[in-house]
Amino acid sequence: AFRVTSPQPPIHSVPDAAVQRARVATFGVFALNGFLLGLWIVNIPTIKDRTDISAATLGGLLLVLGGSAWVGMTLAGRGIDRFGSARVATVGIVTLSASIVLPGLATNAASLAAALVVIGFTNGVIDVAQNAQAVVVEREYGRPIMSAFHALFSAGGLLAAATGGALLAVGTDIRIN
């Protein structure tokens, strides 16, 4: 005879300390990535004025940013295969943290283009590495948590928009913001 039973909820064991630390670290990378990109975005109008570029030039430079991200994404897998997603994500987020000031230091289209190549490439690498690391952590964690990683990216962006907007409102120099 055919019996219909209700499914039992899965039993989740508590992940060990190493998995918990990896989860927190990966959350941090996603949040910091969102925050850093948010700081760049909130400052685009100021950077456009500071570099004295047209809207069309800015549009072209944003294509450079996207193209550089694509290159970083296509090359990230090689680094992940060789060094692991955690290490690549860590090096990437440190590099992005150091380079996010570059657009604020740009004085013309060429220096802004160079800054956006670095930021785009680095962010492309981070995007692949942080997601690869999130897959590893989620698998070890034993339950779906991918959406939480992406939520923290968005939370980082929201925090950057609020922080950057407040700093701009009080006239903070772009090189500090």
Side-chain angles (χ1 to χ4, degrees), residues 12-44 47 58-106 111-164 175-177:
H12 298 292
S13 61
V14 176
D16 68 20
V19 174
Q20 293 282 6
R21 284 191 305 273
R23 176 178 166 248
V24 169
T26 307
F27 279 157
V29 170
F30 272 84
L32 184 55
N33 189 18
F35 183 79
L36 293 171
L37 292 178
L39 282 180
W40 146 244
I41 292 166
V42 77
N43 284 294
I44 288 174
I47 293 167
L58 177 61
L61 292 175
L62 292 175
L63 287 173
V64 167
L65 175 78
S68 300
W70 179 80
V71 172
M73 288 175 192
T74 60
L75 297 176
R78 294 179 189 156
I80 292 167
D81 288 344
R82 183 170 180 163
F83 302 108
S85 56
R87 186 173 294 163
V88 172
T90 300
V91 169
I93 202 68
V94 168
T95 303
L96 185 61
S97 296
S99 62
I100 203 66
V101 300
L102 295 175
L105 300 174
S111 58
L112 183 55
L116 295 182
V117 165
V118 172
I119 290 170
F121 180 86
T122 303
N123 189 63
V125 169
I126 292 168
D127 191 38
V128 173
Q130 74 184 5
N131 279 287
Q133 182 62 15
V135 168
V136 170
V137 171
E138 183 179 59
R139 187 174 300 132
E140 292 296 318
Y141 204 73
R143 65 177 189 225
I145 57 172
M146 186 63 72
S147 60
F149 291 117
H150 290 96
L152 280 167
F153 175 88
S154 296
L158 285 169
L159 182 60
T163 302
R175 293 167 291 187
I176 296 170
N177 186 5

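One is the number of the first residue; the rest follow in order along the sequence. Since the structure is predicted, the reported quantities are computational estimates derived from the model, not experimental observations.
In this structure, CG in L116 is found 9.0 Å from CG in L102, a value given to the nearest 0.5 Å. Within the model, atoms CZ of F121 and CG of L96 stand 12.5 Å from one another, a figure rounded to the nearest 0.5 Å.
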Tabulate below the donor-acceptor pairs under 3.5 Å that side-chain atoms of residues 31-41 make, not counting sequence neighbours, or state none.
unit_1	atom_1	unit_2	atom_2	d
N33	ND2	N123	OD1	3.4
N33	ND2	Q130	OE1	3.4

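In plain terms, the two heavy atoms of G124 and M73 that are nearest each other are O-CG, 3.4 Å. When all heavy atoms of V88 and I80 are compared, the closest pair comes out as CG2-N, 3.8 Å. Nearest heavy atom pair, residue S99 against residue I119, reads O-CD1, 3.7 Å. When all heavy atoms of V137 and I145 are compared, the pair lying nearest together is CG1-CD1, 4.1 Å. Nearest heavy-atom pair, V42 versus G164, reported as atom, atom and distance to 0.1 Å: CG1-CA, 3.8 Å. Pairing each heavy atom of L61 with each of A113, the nearest pair is CD2-CB, 3.5 Å.
The side chain to side chain contact (heavy atoms under 4.5 Å, CB included) search around T95 returns V91, T122, not counting sequence neighbours. Here V19 pairs with P15, D16, E140, Y141 under the side chain to side chain contact (heavy atoms under 4.5 Å, CB included) rule; sequence neighbours left out. Residues meeting the ring pair (Phe, Tyr, Trp, His ring centres under 6.0 Å) test with F149, sequence neighbours left out: F27, F30. Residues satisfying the side chain to side chain contact (heavy atoms under 4.5 Å, CB included) criterion with S111, sequence neighbours excluded, are A106, T107, N108.
Applying the side chain to side chain donor-acceptor pair (under 3.5 Å) definition to pairs two or more places apart or across chains, those involving residues 76-86 are S85-Q133.
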Take N131 and D127 through the test side-chain contact (heavy atoms from CB on, under 4.5 Å) and record every step on the way to the result.
CA-CA 6 Å; N131 279 287; D127 191 38; 3.3 Å; yes

